[in-house]
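For reference, the structure discussed in these notes is given below.
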2 protein chains.
Amino acid sequence: MSRSATIQAPVQPRWLDEQEQLAWRSYLAASRAIEEAIQGQLQRDADIPHIYYEILVRLSEAPDRMLRMSDLAERSLSSRSRLSHAVSRLEERGWITRRACPDDGRGMLASLTEQGMAAVVKIAPGHVNAVREQIFDRLTSEQVKALQEIGEAIAGGPANF
Amino acid sequence: MSRSATIQAPVQPRWLDEQEQLAWRSYLAASRAIEEAIQGQLQRDADIPHIYYEILVRLSEAPDRMLRMSDLAERSLSSRSRLSHAVSRLEERGWITRRACPDDGRGMLASLTEQGMAAVVKIAPGHVNAVREQIFDRLTSEQVKALQEIGEAIAGGPANF
DNA sequence: ATGAAATACTTTAGCGTTCAACTACCTTCT
DNA sequence: AGAAGGTAGTTGAACGCTAAAGTATTTCAT
């Protein structure tokens, strides 16, 4: 509304340069290969999706193997809705139980059962092996360090889990 | 059955060391953040999933904007089944058409329609912008180079697209 | 030439995810 | 105290993906 000059957002986007293009496409190929390998291994060996495994692991690391749903959602990098569905499935397997949160009438606590813990212990070696084969066996230690730093730059700080 | 000593695969897996653990978790957080941002942008602005966009772009880059299904599947990093479903949806939108392959009675050719090409042109700027915001604005050029090399190491060679 | 195996693609069913709507509870403001 | 708005979590519908099975065609071996 004022007479002051306004700077328009450019209609032409800043396209990726060649180096960025290469990096983006190789990242895409790599990340899909990783997900496919990890997901496939977990599906074959434990009949669960990757994210379900992450949920179990985050719970296994928590004090008393128990967390608020929203806290667990954050740590396992999933939406609340996704977590809610996932926990329902894991509950059916007897790996997790839900209980009301004493402090907060709205809250729910998810806790890992003994059976669930046993499942994590059983599944973990194959999973770690897949991660190693797919990633760390293929990288120098400098690249591993670089990967960490790149990840933190993109995710906005160190992983909080 | 022989008397020769056999070397057992170790029961104990080689766990990730601390550096690897950090790198893996920051990678996970970053890759999920990237997918979420890209997927969200495309879903909001064009009502298609990320992979559908990749399919359209690969087609747009091909000679005559036309490719064999299996070729397109490879270039867009998806399974044949997934591609088949995806192309069906994109056909319903009028962005792709299928025709029989003259050389090979089993084959099908997917080709981008004018409408489909127009959609790519329209969608691309927002997509590139999201990629830039999520990745390249946060990395130094050394990190971009490192990302490319790490990606290639994991994906097994430069991206073939 | 002919049968067997491989390739190309599709289809169906089951499952996980997203999005929006919904319930319940808590907090804050007046 | 009471209303308004925020937070926690769940649910149902729509949709995309996976795995397995199915069809059609081509290639290969004999």
Side-chain angles (χ1 to χ4, degrees), chain A residues 31-33 35-56 66-93 95-111, chain B residues 31-33 35-56 66-93 95-111:
Chain A
S31 66
R32 295 234 207 276
E35 241 340 87
E36 192 188 322
I38 305 294
Q39 187 91 33
Q41 183 271 326
L42 284 168
Q43 202 67 59
R44 276 190 307 278
D45 296 359
D47 193 32
I48 52 170
H50 185 189
I51 196 77
Y52 285 32
Y53 177 76
E54 291 295 324
I55 290 167
L56 295 171
M66 186 179 299
L67 284 173
R68 285 287 293 270
M69 289 295 281
S70 47
D71 197 355
L72 181 54
E74 205 176 337
R75 298 193 198 203
S76 62
L77 307 169
S78 43
S79 69
R80 288 169 188 217
S81 171
R82 167 146 84 163
L83 181 67
S84 197
H85 287 295
V87 168
S88 297
R89 300 296 151 270
L90 291 168
E91 220 173 359
E92 288 166 9
R93 288 195 190 215
W95 290 0
I96 287 184
T97 56
R98 266 190 257 235
R99 76 186 59 177
C101 177
D103 313 354
D104 187 334
R106 297 165 300 182
M108 294 294 273
L109 286 165
S111 80
Chain B
S31 66
R32 296 254 153 86
E35 241 340 85
E36 193 188 322
I38 304 295
Q39 187 91 33
Q41 183 271 325
L42 285 168
Q43 202 67 59
R44 275 189 309 278
D45 295 359
D47 192 32
I48 52 171
H50 185 188
I51 196 76
Y52 286 31
Y53 177 75
E54 291 295 324
I55 290 167
L56 296 172
M66 187 178 299
L67 283 173
R68 285 288 294 271
M69 288 295 281
S70 48
D71 197 355
L72 181 54
E74 205 176 336
R75 297 192 198 202
S76 63
L77 306 170
S78 44
S79 68
R80 288 171 186 215
S81 172
R82 169 146 82 162
L83 181 67
S84 198
H85 287 295
V87 168
S88 297
R89 300 298 150 270
L90 291 168
E91 220 174 357
E92 289 166 10
R93 288 196 188 215
W95 290 359
I96 288 184
T97 55
R98 268 189 258 236
R99 74 186 60 174
C101 177
D103 313 354
D104 186 335
R106 298 165 301 181
M108 295 294 273
L109 286 166
S111 80

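In what follows, chains carry the letters A, B, and so on, assigned in the order in which the sequence lines appear, proteins first and then strands, with residues in each chain numbered from 1.
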Original post:
What is the distance from CD of Glu35(B) to C1' of dG16(C), rounded to the nearest Å?
Top reply: 16 Å
**OP:** Mind calculating the distance between CD (Glu54(A)) and P (dG16(C)) to the nearest angstrom?
**Re:** 16 Å
Original post:
Taking side chain as C-beta onward, heavy atoms only, is Ile51(B) less than 4.5 Å from Leu83(B)?
Top reply: no
**OP:** Find the distance Leu72(B):CG to dA8(C):P and express it as a whole number of Å.
**Re:** 14 Å
Original post:
Starting at the 5' end of DNA chain C and moving along, which residue's nearest nucleotide shows up first, Asp103(A) or Arg89(A)?
Top reply: Arg89(A)
**OP:** State, with a plain yes or no, whether a side-chain heavy atom of Arg98(B) is found less than 4.5 Å away from one of Ser88(B).
**Re:** yes
Subject >> Distance-minimising heavy-atom pair for Ile55(A) and Ala86(A) >> reply: CD1-CB, 3.7 Å
Original post:
Going by atom types only, do Ser81(B) and Ser79(B) share a side-chain donor-acceptor pair under 3.5 Å?
Top reply: no
**OP:** Using heavy atoms and a sub-4.0 Å distance, could you list which residues of residues 39-50 of chain B are near DNA chain C? By number, please.
**Re:** none
Original post:
What string of B, S and - do you get for nucleotides 4-12 of chain D 5' to 3' if you count protein non-hydrogen atoms under 4.0 Å?
Top reply: --BBBSBBB
**OP:** Start with the C-alpha distance between Asp47(B) and Arg93(B), add both sets of side-chain angles, then the distance that settles salt bridge (Lys or Arg N to Asp or Glu O under 4.0 Å), and finish with yes or no.
**Re:** CA-CA 11 Å; Asp47(B) 192 32; Arg93(B) 288 196 188 215; 3.5 Å; yes
**OP:** Could I get the full list of ring pair (Phe, Tyr, Trp, His ring centres under 6.0 Å) partners for Tyr53(B), not counting sequence neighbours?
**Re:** His127(B)
Original post:
How far does CD1 of Ile48(B) sit from CZ of Arg89(B), to the nearest 0.5 angstrom?
Top reply: 14.0 Å
Original post:
Taking OP1 and OP2 of dT18(D), is either one under 4.0 Å from a side-chain nitrogen or oxygen of Arg82(B)?
Top reply: yes
**OP:** Check whether any side-chain heavy atom of Val87(B) lies under 4.5 Å from a side-chain heavy atom of Met108(B), and answer yes or no.
**Re:** no
**OP:** Round to the nearest Å and state the distance from Arg93(A) atom CZ to dC15(C) atom P.
**Re:** 11 Å
